[in-house]
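Just follow the structure's listing: the first ligand is 1, and inside any ligand the first atom is 1. Not measured: the values here are computed from a predicted model.
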Amino acid sequence: MATTPSGLPVPERVAVVGAGMVGLATAWFLQERGVEVTVIDREGVAAGSSWGNAGWLTPGIATPLPEPAVLKYGLRAVLSPNSPVYVPPSADPNFLKFVTGFTRKSTMKAWKRAMTQLVPINSMSLQSFDVLEQGGVAARSHEAKSFTAAYRTAQERETLLEEIEHIHAAGQPMEYSVLTGDEARAIEPALSEQIGAAIVLHGQRYVNPGEYVHALADSVADRGGKILSGATVRDIRDTGHGVVVTTAEGSVEEFDAAVVATGAWLGKLAREFGVKRVVQAGRGYSFSVSVEHLPNGPVYFPAARVACTPLEDRLRVAGMMEFRKPEAPLDGRRIEAIVEAARPLLTGADLDNRQDEWVGSRPCTTDGLALIGMTRSPRVFVAGGHGMWGITLGPATGRLLAEQMVTGTVPAALRPSTPRR
Ligand SMILES: Cc1cc2nc3c(=O)[nH]c(=O)nc-3n(C[C@H](O)[C@H](O)[C@H](O)COP(=O)(O)OP(=O)(O)OC[C@H]3O[C@@H](n4cnc5c(N)ncnc54)[C@H](O)[C@@H]3O)c2cc1C
């Protein structure tokens, strides 16, 4: 096998574990560099959090999750089970490690540092979608003609305006307009009379995430990649000249390298390769409803933490941050909490006739940065832990990781995300 200038093996056959946005984008960009890929998922394409999310491609507001305001929400959550962040009491040592680390990083200083580190990968986000679409992925990312953040009062709006100032200070461009409630309603009649202030964000996009990830999988397969569904990877072993990937269903196959892209389950396979950071499921819920006036783009109610996205002729409504095990069943009370938060803010939305009720797990890290790159084995890589932004940053992640795996050089945009930090 050829080696990179730094003496690392250049893989020719790679197993990617996880057929979500991150795994499939990595597989696609590896193919761009001539690598043969097999994508393995225990269920199938977009079976994890890449299906029912809000589908926003919003690098302009892709900020680190731990922030001073989260601490406030956390405290409120303990007091009120209906709040948008729910932290159930738990004695799980991994969860306690996560909460301690997350709390430590929820300072303005840590936020600013992580934000600055996110800017280089954020700035590649939309362009990486263009590469996919020009390269044969049949789905399209849509320009968000009016990406509206809506508030009851101008005072509530101050939080995002301040955050945008910090985002700008970190070097991240984000153009926006400030609107009154009436001006916002003139653009988006789905906003109720209770909306008194808004911000319209410019230059962002959105996708139908499930459809997009399936189109990405189709493109990987059309270009000769294998997609294995219903295969749970139980073990990855570095043999010194390749990796042996064993599934619970009994298949054993050798590859030159493996990429673990298993979302909220990343820790299970990555830990033994020196990846010590906890990836905690931050569970979110969504459903779709019919609306009288379908918005032209995503609508965000930041104070209620509710995210809405027009998908075909329906509105997907998403929200909640519930720190629980990713396998836990859907809890109908969380759906109700989103419904009651959204009801006064939307008009003409049939919130009592819901379809596609869904729960999925944002793969969250304590410092708000993803885990992307080589583990202590030069043949085992990880890509995940993007928290709220795995759809926005999936393609840029795959592009950068494929570059690293084939050239042996860590792209500058990936350095802060090293999985061994
Ligand atoms: C309510 C909600 C709204 C969101 N909105 C947005 C948004 O608007 N924009 C945005 O950018 N992000 C958003 N996100 C976050 C985004 O959904 C995630 O960051 C992203 O989907 C993570 O992708 P992934 O490929 O890393 O993981 P996943 O999509 O979860 O994929 C992991 C895959 O690994 C498989 N797997 C796990 N273990 C194994 C194993 N041992 N063997 C084989 N396969 C395995 C699973 O079956 C799964 O298919 C949202 C999330 C939620 C919950």
From the candidates [options], the one that places a heavy atom nearest [atom]:
atom                    : options                        : answer
atom 41 (N) of ligand 1 : Leu393, Val233, Leu266, Ile236 : Val233
atom 21 (O) of ligand 1 : Gly398, Ser49, Gly52           : Ser49
atom 36 (N) of ligand 1 : Thr262, Leu24, Thr26           : Thr262

Does an N or O from [X], backbone or side chain, lie closer than 3.5 Å to an N or O of ligand 1?
X      : result
Ala383 : no
Trp358 : no
Ala54  : yes
Gly18  : no
Trp265 : no
Tyr285 : no
Arg283 : no
Gly390 : yes
Ala318 : no

Please write down residue, atom name and distance for the protein heavy atom closest to [atom].
atom                    : result
atom 50 (C) of ligand 1 : Asn53 CB, 3.3 Å
atom 27 (O) of ligand 1 : Gly263 CA, 3.5 Å
atom 35 (C) of ligand 1 : Asp41 OD2, 3.2 Å
atom 26 (O) of ligand 1 : Val22 CG2, 3.4 Å
atom 13 (C) of ligand 1 : Met388 O, 3.0 Å
atom 15 (C) of ligand 1 : Gly387 O, 3.3 Å
atom 44 (N) of ligand 1 : Arg42 N, 3.0 Å
atom 23 (O) of ligand 1 : Ser50 OG, 3.3 Å

Check the angle between the aromatic planes of Trp56 and Tyr300 and answer parallel, tilted or perpendicular using the 30° and 60° thresholds.
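Trp56 vs Tyr300 ring planes: perpendicular.
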Assign the ring pair Trp111 / His166 to parallel, tilted or perpendicular, where the plane angle (0 to 90°) is split at 30° and 60°.
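It falls in the perpendicular class, over 60°.
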Of the non-hydrogen atoms in Pro363 and Ser49, which two are nearest, and what is the gap between them?
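Here Pro363 and Ser49 meet closest at CD-OG, 4.4 Å.
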How close do Ala19 and Asp41 get, heavy atom to heavy atom, and via which atoms?
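Ala19 and Asp41 have their closest heavy atoms at N-OD2, 2.7 Å.
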Which part of Met320 is near ligand 1, with near meaning a heavy atom under 4.0 Å away: side chain, backbone, both or neither?
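Met320 to ligand 1: no contact under 4.0 Å from either part.
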Pick one of side chain, backbone, both or neither for how Ala261 approaches ligand 1, counting any non-hydrogen atom pair under 4.0 Å.
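Within the 4.0 Å criterion, Ala261 contacts ligand 1 through backbone atoms alone.
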Assess whether a salt bridge exists between [X] and [Y], defined as any Lys/Arg side-chain N lying under 4.0 Å from an Asp/Glu carboxylate O.
X      : Y      : answer
Glu327 : Lys325 : no
Glu143 : Arg205 : no
Arg379 : Asp238 : yes
Glu253 : Arg13  : yes
Arg343 : Glu340 : yes
Lys268 : Asp235 : no

Distance to the ring centre below 6.0 angstrom and angle to the axis at most 45 degrees; does that hold for [X] and [Y]?
X      : Y      : answer
Arg42  : Trp265 : yes
Arg334 : Trp358 : no
Arg157 : Tyr151 : no

[X]: numbered ligand 1 atoms lying under 4.0 Å from its heavy atoms:
X      : result
Gly360 : 53 (C)
Met21  : 25 (O)
Thr232 : 41 (N), 42 (N)
Gly284 : 1 (C), 53 (C)
Gly20  : 25 (O), 29 (O), 31 (O)
Trp56  : 7 (C), 8 (O), 9 (N), 10 (C), 11 (O)
Val17  : 42 (N), 43 (C)
Thr392 : 9 (N), 10 (C), 11 (O)

Below 4.0 Å from ligand 1: does a non-hydrogen atom of [X] turn up there or not?
X      : answer
Pro298 : no
Gly55  : yes
Ala264 : no
Pro209 : no

How far apart are the C-alpha atoms of Asn208 and Glu312, what are their side-chain angles, what is the distance that settles it, and do they pass the side-chain hydrogen bond (donor to acceptor under 3.5 Å, both in side chains) test?
CA-CA 8 Å; Asn208 180 334; Glu312 277 83 60; 3.1 Å; yes
Applying side chain to side chain contact (heavy atoms under 4.5 Å, CB included), run through Leu346 and Leu315 and close with a yes or a no.
CA-CA 11 Å; Leu346 285 168; Leu315 191 68; 4.2 Å; yes
Can you find a side-chain donor-acceptor pair between Asp356 and Ser288 that sits under 3.5 Å?
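Present: a donor and an acceptor within the cut-off.
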Is it true that Glu188 and Ser146 share a donor-acceptor pair across their side chains at a distance under 3.5 Å?
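A pair is found: one side chain offers a donor N or O, the other an acceptor, under 3.5 Å apart.
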Given the rule in the salt bridge (charged side-chain N to carboxylate O under 4.0 Å, His left out) test, do Asp367 and Arg104 qualify, once you have shown the distances and angles that lead to the verdict?
CA-CA 9 Å; Asp367 62 3; Arg104 203 176 296 135; over 6 Å; no
Decide if the gap between the ring center of Tyr176 and the ring center of Phe147 is smaller than 6.0 angstrom.
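Between Phe147 and Tyr176, which both carry aromatic rings, the centre distance is not below 6.0 Å.
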